[in-house]
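Per chain, numbering begins at 1; letters A, B, ... match sequence-line order. Remember, predicted model here, so these are calculated numbers, not experimental data.
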Amino acid sequence: MTPVFNFAALRHETLCCNRCGFCQATCPSYKETKDESNAARGRIRLIRAVIDGELPITEGYIRRIEGCLYCLSCVSACPSGVRIDKIILAAREHYVSAKGLPWAKRLALRQVLPANGRISLASASLRIAQKTVLRLPGADRLVPKGIDVRHLPTTFRSLRRRLPALNTVSHPRGHVVFYAGCLVDYTMPAIGESLVRVLNRSGVEVALSRSAQCCGLPMLVAGDTEAGKLLARRNIALLAEMGGDAVVTACASCGHALKELYPYVFRGDPAMQAAAESLSARTFDISAFLVDQLGFRSGESGFLASSVTYHDPCHLLRGQGISAQPRLLLREIPGLEYREMAEAGQCCGAAGFFQALCPDLSTAVSNKKVKSIADSGAEYVASSCPACLQRIQGSLNLAGLRKKAVHVVQLLDRAGQGLNVVKTGQKL
Amino acid sequence: MVSRAIIQELQAAAGKGAVTFSPEDLIVYSYDATMPEYRPDVVVFPQSTEQVAAIMRVANEHRLPVVPRGAGTNVSGGSLALEGGMILCLSRMNRILEIDRENLVAVVEPGVVNAELQAALAPLGLFYPPDPASMNVCTIGGNVAENSGGPRCLKYGVTKDYVLGLEVVLPTGEVIHTGGSVMKNCTGYDFTRLFVGSEGTLGVVTKITLRLLPLAEAKKTMLAVFDSVVDASSAVSAIIARGIIPTTLELMDRILLRCAEDFVHVGLPKDAGAVLLIEVDGFRESLDGQMRQIKAVCRANQARELRHARTSKEVDDLWLARRTVIGAVGRLEPNYGLQDVTVPRSKLPIIVEEIGDISAKYDLPIGVLAHAGDGNLHPIVLFDARRDGDLAKVHAAEKEICKAALALGGTLSGEHGIGLSKREYLPMEYGPIEMSLVARLRKVFDPNGILNPGKIVAGGIV
Ligand code: SF4
Ligand code: SF4
């Protein structure tokens, strides 16, 4: 496969690390292991060693680069402005093109995720397993440690089979396309249903992208750039064709892919880059869309007697620079008490396939999150990413805490139930 | 190279998982926050004093060089494995063993991160004053080894003023205890102070007893903006001469202001010649009076603007800018040489002017960052190692800065230590007798010369 990133050209970027070490303070993999080769600074140095031929691509090298959760904490903490994320992506692509993908990843990234039918089948099969084999004593041995596979959300009916292609309202004030992404579509359709209801109640009609595909982020961060780009191309074309005032997402990682990664991977291809940038400019996380584009005020949207804390997904907080809007929405829900947790911006430990590949590290990171949530004393933990919600809910379950992890739009939806206000405001 | 037999002995001493010699690990333990790199032969991560003692016995028997280190944020090359051998990484000995509120004392292991200790103390209304810019990552063990300072050391003093006692493993493997939890101690020599600032050359510190202070009731933070760096430093000398000791008096010149602002985006005046970051703390009622006096001095020294931080967010932003600025110079040039000269406080304006002259003479940008109230400067020479000739020029410029400071009655290092980077300058400050005393003293503790060989003064394994 032809590399997308010019690996050798990154040498300059690796040299911009002046080794202050400040990234240790934020890097979850360093904080757990206290091992320099698991910190951003160490990874950058190892990558330079490979670029310079000082180190061949060893298994130990791959393991250390794979140990990065792509949480972007180092990127925002680095005083020198080193783009560690881009260096990591390039390094992964480099060794994947040299050594290929391990079979399990290959199966997931090349066979399952690019084919919607197979994702649906996978979700349904897991659901059957949850109701059968996973109930058997000793089934624990079958599943990765630290992940509550028995209660992972699964469904027989995906969002695209639950909802019509166009969810309209009378006299719509706007028309948006909802890019649901695999996890919402095939495992947590309730988030999508809530999102559609909240937008409909605000007078906005919502089209679902029925043939939309996986956003490609899992491939891009795994170093299978070619597979990721293929999906990116299809989504860019499809979403351009669907038009609308905006594209909204409810998944922080999908949003990060559409907004940030698509334009990046098509650098050097002017036509595609322009198309990617135009999609990027009209893609919004749902909280940002509600607050910034729609002027949505949850204060006028019902009542919910409870308390909530908020977890910042890495790919929303640092991946898209959004933290105020979801908090504003939660704070304004009448009856709902908002409690900020400690270190809300710390990674939840999920990091996609990372949790299955590095279960101990992932669980250690996740348990810190669980502690922050428990200490906040809130009943609900809200977030903006289905991947975080699944991991957090699982870790809460395993810790024996009876708290619910929900998407921000689910709380907005619940608070607004019974209300049927269609706001006839300005056109978008 | 370390033989398989030695590796096995080390594994027996520290546990199998605590010893690594894989190429990946050796590469990442070959550097600290300075430029040079030296690959160790083995890296060991002990988790107890007993393990450290056992490791030292193995190393001593086999004449294996040992370089103790924590987070690897050393800015004088002190944690580099100059002669190969072993990196003894103490980051995993990171327990806070005790916080004694009645005696205002804490006992910690060396791998505890400075900020983690502060975080544990703050809810109890206590703090540990030394606050190096790298406090979010650097370890207390490293702070002890380097006798680290920080902005608020102007009012509160440096690490050595807070270390009451130590547990130390000697290079020969014996464990000794110095000092204790008492506030006064006049029994025999002050071994504690001898180890503090010894840069990992006399022993491996495994337990540290620290003096704590109650947090001040309130503080006020202000940014004084000047058109010229010389005016700013004159203001510093004048404040001190008036007998006013604020908590911090930090100086950043234009080069650094620009780098800092490009990272933190908090509205620092990028067109100013320099700023002073001034903080006072104490009883609420006393603060306004102190600030009033300081402001008057600043105005008399041509301050063009005095900005108060109004919210705690504004205070945090200013400090974030200050703490990260050395790293942020990476935005201008990939490499920097950081000096740490210290002059009598009245000489600050003179040395600042001289640094300006040296910068012009060598045609190298030199940023001036200073714990100005202490007369402790961090001139930062910016360069790009890939451009030919720069390196020699950089060294010449640095040497001249050191000379200038010494001529003013100053010293080479205020808080970073000599390590490797300033080793060649030491004979400018030490005479032959002092130089030989250093070597002789080391021999008393470390007859085989295995501990951090080649640091402070040249010399290696005996
Ligand atoms: S914070 Fe940035 S410059 Fe500093 S060590 Fe980490 S990557 Fe390098
Ligand atoms: S992205 Fe996260 S896990 Fe990866 S190096 Fe940076 S801080 Fe560490």
Side-chain angles (χ1 to χ4, degrees), chain A residues 11-27 30-67 73-83 321 342-343 375, chain B residues 20 22-35 37 39 43 45 69-75 87 89-94 111 113 115-116 119 133-139 259-260 262-264 320-321 323-336 338 384-386:
Chain A
R11 187 167 194 279
H12 174 74
E13 190 70 21
T14 65
L15 285 173
C16 291
C17 165
N18 56 31
R19 304 209 282 227
C20 65
F22 282 22
C23 44
Q24 286 178 0
T26 54
C27 180
Y30 177 79
K31 287 206 280 191
E32 289 311 324
T33 60
K34 295 280 180 182
D35 178 344
E36 178 72 28
S37 70
N38 274 328
R41 179 173 69 165
R43 292 192 174 110
I44 293 171
R45 181 63 187 84
L46 287 176
I47 290 168
R48 178 148 60 83
V50 168
I51 296 177
D52 289 349
E54 185 187 353
L55 181 76
I57 301 176
T58 58
E59 253 180 50
Y61 168 74
I62 294 178
R63 183 159 25 88
R64 287 164 174 88
I65 308 303
E66 292 284 293
S73 309
C74 51
V75 181
S76 37
C78 175
S80 297
V82 180
R83 289 310 303 253
E343 302 202 73
D375 289 349
Chain B
T20 168
S22 74
E24 298 85 6
D25 287 322
L26 300 184
I27 289 174
V28 301
Y29 284 93
S30 68
Y31 54 78
D32 57 13
T34 60
M35 258 186 68
E37 295 193 354
R39 262 206 220 179
V43 184
F45 301 91
R69 76 160 235 177
T73 50
N74 191 303
V75 278
I87 288 281
C89 182
L90 296 147
S91 293
R92 292 185 193 162
M93 284 181 73
N94 63 340
V113 171
E116 284 168 7
S134 57
M135 66 192 288
N136 286 331
V137 287
C138 67
T139 62
C259 297
D262 286 343
F263 173 46
V264 294
L320 179 69
R323 288 194 196 290
T324 54
V325 69
I326 294 181
V329 297
R331 287 163 190 268
L332 277 184
E333 291 280 17
N335 307 104
Y336 62 78
L338 178 66
D384 185 337
R386 294 165 302 174

Checklist entry - At a heavy-atom separation under 4.5 Å, does B:Thr20 approach chain A through its side chain, its backbone, both, or neither? => result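 No part of it gets close to chain A.
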Checklist entry - Is it the side chain or the backbone of B:Asp262 that comes within 4.5 Å of chain A heavy atoms, both, or neither? => result neither
Next on the checklist: At a 4.5 Å cut-off on heavy atoms, which part of A:Ala77 comes close to chain B: side chain, backbone, both, or neither?
Outcome noted: backbone
Next on the checklist: Restricting to non-hydrogen atoms, name the atom on A:Pro79 and the atom on B:Gly327 that form the minimum distance, rounded to 0.1 Å.
Outcome noted: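 Answer, listing the atom of A:Pro79 first, then B:Gly327: CB-C, 3.6 Å.
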Checklist outcome for this item: Scanning both residues in full, the closest heavy-atom pair of A:Asp35 with B:Arg92 reads CB-NH2, 3.8 Å
Item to check | A:Asn18 side-chain N/O to B:Pro334 backbone N/O, donor-acceptor pair under 3.5 Å | outcome: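 No, the answer is negative, given that no donor and acceptor are paired below the 3.5 Å cut-off.
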Value rounded to 0.5 Å, distance of [atom1] in [X] from [atom2] in [Y]:
X       : Y        : atom1 : atom2 : result
A:Ser80 : B:Leu332 : OG    : CG    : 10.5 Å
A:Arg64 : B:Ser22  : CZ    : OG    : 4.5 Å
B:Glu37 : A:Arg19  : CD    : CZ    : 4.5 Å
B:Cys89 : A:Glu36  : SG    : CD    : 8.5 Å
B:Arg39 : A:Glu54  : CZ    : CD    : 4.5 Å

Next on the checklist: For B:Val113, run the side-chain contact (heavy atoms from CB on, under 4.5 Å) check against A:Lys31, A:Gln24, A:Lys34 and tell me which one passes.
Outcome noted: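 Exactly one pass, corresponding to A:Lys34.
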Next on the checklist: B:Glu24 vs A:Arg63, test: salt bridge (charged side-chain N to carboxylate O under 4.0 Å, His left out). Steps then yes/no.
Outcome noted: CA-CA 10 Å; B:Glu24 298 85 6; A:Arg63 183 159 25 88; over 6 Å; no
Next on the checklist: Among A:Cys23, A:Cys17, A:Cys16, A:Cys78, which residue has the highest count of heavy-atom pairs closer than 4.5 Å to chain B?
Outcome noted: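 Answer, by heavy-atom pair count under 4.5 Å with chain B: A:Cys78.
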